[in-house]
There are 2 protein chains.
Amino acid sequence: MADQAKGQTERPQRRRRKMQSVTMMDVAEFAQVSPSTVSLYLRRPEAVSASAGSTIARAIEKLNYVPNLVAGGLAAASSRAVSIIVPSVRNAFFAETVAAMQNTLRKEKLQLILGHTEYDEREEEELVKTALSWAPAAIVLTGLSHSDTTRRMLQKVSVPVIEIWELGGQQIDAAIGFHHDQVGAAAAKHLIQQGRRNLAYLGARLHEDRRAKQRCDGFVEAAKSAGVTVDIVQHPAAASAEVGGMLLSEALQALPQLDGVACSNDHVALGALFECERSSISVPERLSIVGFGDLSFSAACNPPLTTIRPSGDLIGREAARLIIEHMAGKDPEPQISIDTRFTLLHRRSS
Amino acid sequence: MADQAKGQTERPQRRRRKMQSVTMMDVAEFAQVSPSTVSLYLRRPEAVSASAGSTIARAIEKLNYVPNLVAGGLAAASSRAVSIIVPSVRNAFFAETVAAMQNTLRKEKLQLILGHTEYDEREEEELVKTALSWAPAAIVLTGLSHSDTTRRMLQKVSVPVIEIWELGGQQIDAAIGFHHDQVGAAAAKHLIQQGRRNLAYLGARLHEDRRAKQRCDGFVEAAKSAGVTVDIVQHPAAASAEVGGMLLSEALQALPQLDGVACSNDHVALGALFECERSSISVPERLSIVGFGDLSFSAACNPPLTTIRPSGDLIGREAARLIIEHMAGKDPEPQISIDTRFTLLHRRSS
DNA sequence: GTGAAAGCGCTAACAC
DNA sequence: GTGTTAGCGCTTTCAC
């Protein structure tokens with residue numbers, strides 16, 4: 001299987017390991033040029049004469065040559081891989097960013113290497129270490145909070161580091177995202193503007209999800225400084241509709257006057273909506289609900305959910321852009337931070 | 001930044017590229033052993049004497065050595081990377097599988113390289129080609145349907161290929177998943193068992209999503225052979241609650257007698273549920289709804305959604321297991337196919 | 001159990 | 001514009 005399409009007397013005593021069948025050298029031989037010309041053609045076709053170019057193209061086609069990126073990465077001391085580390089791709093927010101990055105990077109033939117921290121800094125540390133051993137073109141992390149070791153490793157290294165989905169802390173190099181406390185504040189302001197005076201924040205996994213915590217804090221602070229009643233009701237489990245339902249009934253019990261809630265995200269908000277339905281609490285008349293995320297169901301539920309959209313895809317595209325520009329030799333301004341903002345979508349749940 | 005922690009007279013005229021600061025050779029020098037011993041220690045610690053082992057361990061620690069997996073991959077002609085190609089990680093089903101794989105593979109220090117086809121065979125072909133150029137330890141594809149070129153490339157290559165999320169077609173090598181037509185049939189049987197006689201399938205993106213189509217076909221066939229009325233209502237857009245609402249009202253208009261629907265997935269089912277709420281159609285009294293996926297909201301909505309759970313995480317774990325076993329030298333039976341089954345969760349929407 | 005030697009397939013100076 | 005040359009950092013025989 002390994003030896004077809006190759007001159008049979010060429011390398012007679014190459015040791016028989018599982019090797020690549022057709023290499024750049026084979027292409028070069030076939031096209032009657034040197035390997036470096038082939039290499040050059042592959043990376044910068046315009047730098048090669050038209051005639052040589054087309055001969056090489058034909059040879060590649062004929063031999064069915066697939067370049068070995070591993071070898072290329074070793075020789076160039078930097079691979080065409082980008083390492084991205086997120087809490088989990090099960091989370092729709094990060095999935096969207098990963099998908100957007102991948103879709104932009106693939107046009108440049110860059111590969112994404114994925115890692116999941118599951119919200120664990122130790123795990124992140126391991127992931128960063130292995131990521132580094134791939135000599136990636138860039139490494140993308142979620143959030144600004146990392147272990148000291150992680151931070152040290154990353155600072156020592158010449159790979160560009162991009163932190164996503166959070167702004168407003170100490171960043172290693174580039175950061176792309178938004179201020180989560182501003183999200184919380186926007187939700188509070190919106191509810192107050194709607195005449196609500198007894199607020200609560202329904203929070204899920206606030207102890208682990210730093211950004212959800214920031215949104216919560218921003219909410220509480222804005223409410224307090226506006227002089228309205230505000231409370232936090234939370235659950236240690238991950239955000240889900242089930243948790244949302246539980247949190248809302250708990251909140252209602254604690255604050256019978258409750259007339260406005262903001263939620264960790266739209267899953268929680270959806271659960272709150274379901275709970276209102278079960279308890280015949282009319283939304284938004286008796287209670288206003290604001291979510292976060294603008295997930296796929298948010299515009300379709302009853303009533304449609306007022307929510308804050310974070311543009312996770314923009315984050316991914318911007319990250320990809322930074323990486324591509326860096327590879328093109330453009331030296332990025334250090335410590336750059338890009339605010340992708342967010343949008344409050346006022347729908348009928350408030 | 002590249003030169004610290006290294007003997008300064010050792011390699012005086014190494015050209016100044018962006019190179020790794022501390023290499024295996026540095027570790028060997030420091031530990032007073034040969035590089036091959038270090039290499040051996042790293043891969044099979046038990047094959048090295050205890051004393052040498054601990055000296056090397058200390059050297060690694062001291063120098064803060066991070067192995068270069070790219071170089072290793074080149075020398076070994078196979079990298080510690082697994083390529084996984086899915087339609088999109090935005091889709092919760094594939095996200096779950098990817099997450100499960102990653103979580104299993106990471107214990108073996110294997111990396112996941114991710115690619116998105118966006119349901120495009122041409123794109124898949126490109127992705128497979130680049131995947132191959134990474135000399136991955138294995139390559140994982142979604143579904144059994146690929147372009148001829150893709151299939152040919154994959155067959156010619158010695159990398160293990162695993163196709164996931166579909167069973168029952170012509171497979172390249174290993175396949176892990178379930179029969180989607182059986183899912184459809186199970187939904188139909190369930191509805192009929194509940195006394196429903198006028199069924200419809202609410203399908204999203206049936207022209208692109210082959211597996212959704214199979215579920216639909218299985219549904220229709222089972223219904224027909226049971227002698228009940230059945231219809232298909234579909235929309236070209238991706239599955240969403242919005243589409244679900246539209247499809248249900250369309251179905252209701254076409255079949256006023258309609259008393260049972262199965263949906264492309266739970267997003268569509270949720271939308272149907274919302275539409276019932278808006279139109280005051282009581283579920284399940286007047287209409288039964290069955291979804292697919294058991295997504296995070298499915299148990300929490302009103303009424304809780306009867307659905308079919310596909311165990312996407314099992315698929316991921318099994319794929320990872322196959323790969324790990326293969327790397328351990330275990331020759332897998334060729335053309336193995338693992339049926340991960342599915343479970344119908346009877347909740348109150350039917 | 002350990003080391004010497006020979007690459008893996010490619011890139012990037014640099015000379016021509 | 002093209003070829004020559006010298007590695008990139010590691011793994012893997014094969015002796016010892």
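Below, read A as the first sequence line, B as the second, and so on, with proteins coming before strands; counting in each chain starts at 1. This structure is a prediction, so every number in the text was calculated from the model and none was measured.
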Spacing between I56(A) atom CD1 and dG3(D) atom C1', to the nearest angstrom: 12 Å
Remember a base hit wins even if backbone is also touched, and classify L40(B) as base, sugar-phosphate or nothing at under 4.0 Å, heavy atoms. base
Donor-acceptor pair under 3.5 Å, T37(A) side chain vs dG3(D) base: no
Atom pair distance, as rounded to whole Å: CE in M25(B) and C1' in dG3(C): 13 Å
E29(A) CD - dG3(D) P separation (whole Å): 13 Å
OP1 or OP2 of dT12(D) sitting under 4.0 Å from any side-chain N/O of R43(B)? yes
Would you mind listing every salt bridge (Lys or Arg N to Asp or Glu O under 4.0 Å) that reaches into residues 316-328 of chain A, with sequence neighbours excluded? D313(A)-R317(A), E318(A)-R321(A), R321(A)-E325(A)
Test item: Y41(A) and I60(A) side chains (from C-beta on) under 4.5 Å apart, heavy atoms: yes
Salt-bridge contact R106(B)-E123(A) (side-chain N to carboxylate O under 4.0 Å): yes
Please state how far atom CZ in R80(A) lies from atom P in dT11(C), giving the value in whole angstrom units. 10 Å
What integer distance in Å separates N68(B):CG from dT11(D):C1'? 12 Å
If I take atom CG in residue L74(A) and atom P in nucleotide dT11(D), what distance separates them, rounded to the nearest angstrom? 11 Å
Looking across every strand, which nucleic acid part, if any, lies under 4.0 Å from V33(B) by heavy atom: base, sugar-phosphate, or nothing? sugar-phosphate
Has Y41(A) got a side-chain N or O lying under 4.0 Å from the OP1 or OP2 atom of dT11(C)? no
Can you say whether a donor on the side chain of S36(B) sits under 3.5 Å from an acceptor on the base of dG3(C), or the other way round? yes
Nearest whole angstrom, please: distance from the P of dG9(D) to the CG of L132(A). 14 Å
The residue among R152(A), E125(A), E121(A), R122(A) that forms side chain to side chain donor-acceptor pair (under 3.5 Å) with S147(A) is E125(A)
Atom pair CD1/CH2 of I139(A) and W134(A) - distance to nearest 0.5 Å: 13.5 Å
Which of these nucleotides, dT2(C), dG9(C), dC10(D), is closest to any side-chain atom of A75(B)? dC10(D)
Find the distance R44(A):CZ to dT2(D):P and express it as a whole number of Å. 12 Å
Compare the minimum distances between each of dG9(D), dT11(C), dG1(C) and the side chain of M24(A), then state the nucleotide with the smallest one. dT11(C)
Hey, is the side chain of S34(B) poking within less than 4.0 Å of OP1 or OP2 on dA4(C), counting only N and O atoms? no
Taking only side-chain nitrogens and oxygens of S39(A), does any of them come within less than 4.0 Å of OP1 or OP2 of dT11(C)? yes
With DNA chain C as reference, determine whether A71(B) or G53(B) sits nearer its 5' end, using the nearest nucleotide of each. G53(B)
Select from A47(A) and P35(A) the residue whose nearest nucleotide in DNA chain D is closer to the 5' end of that strand. A47(A)
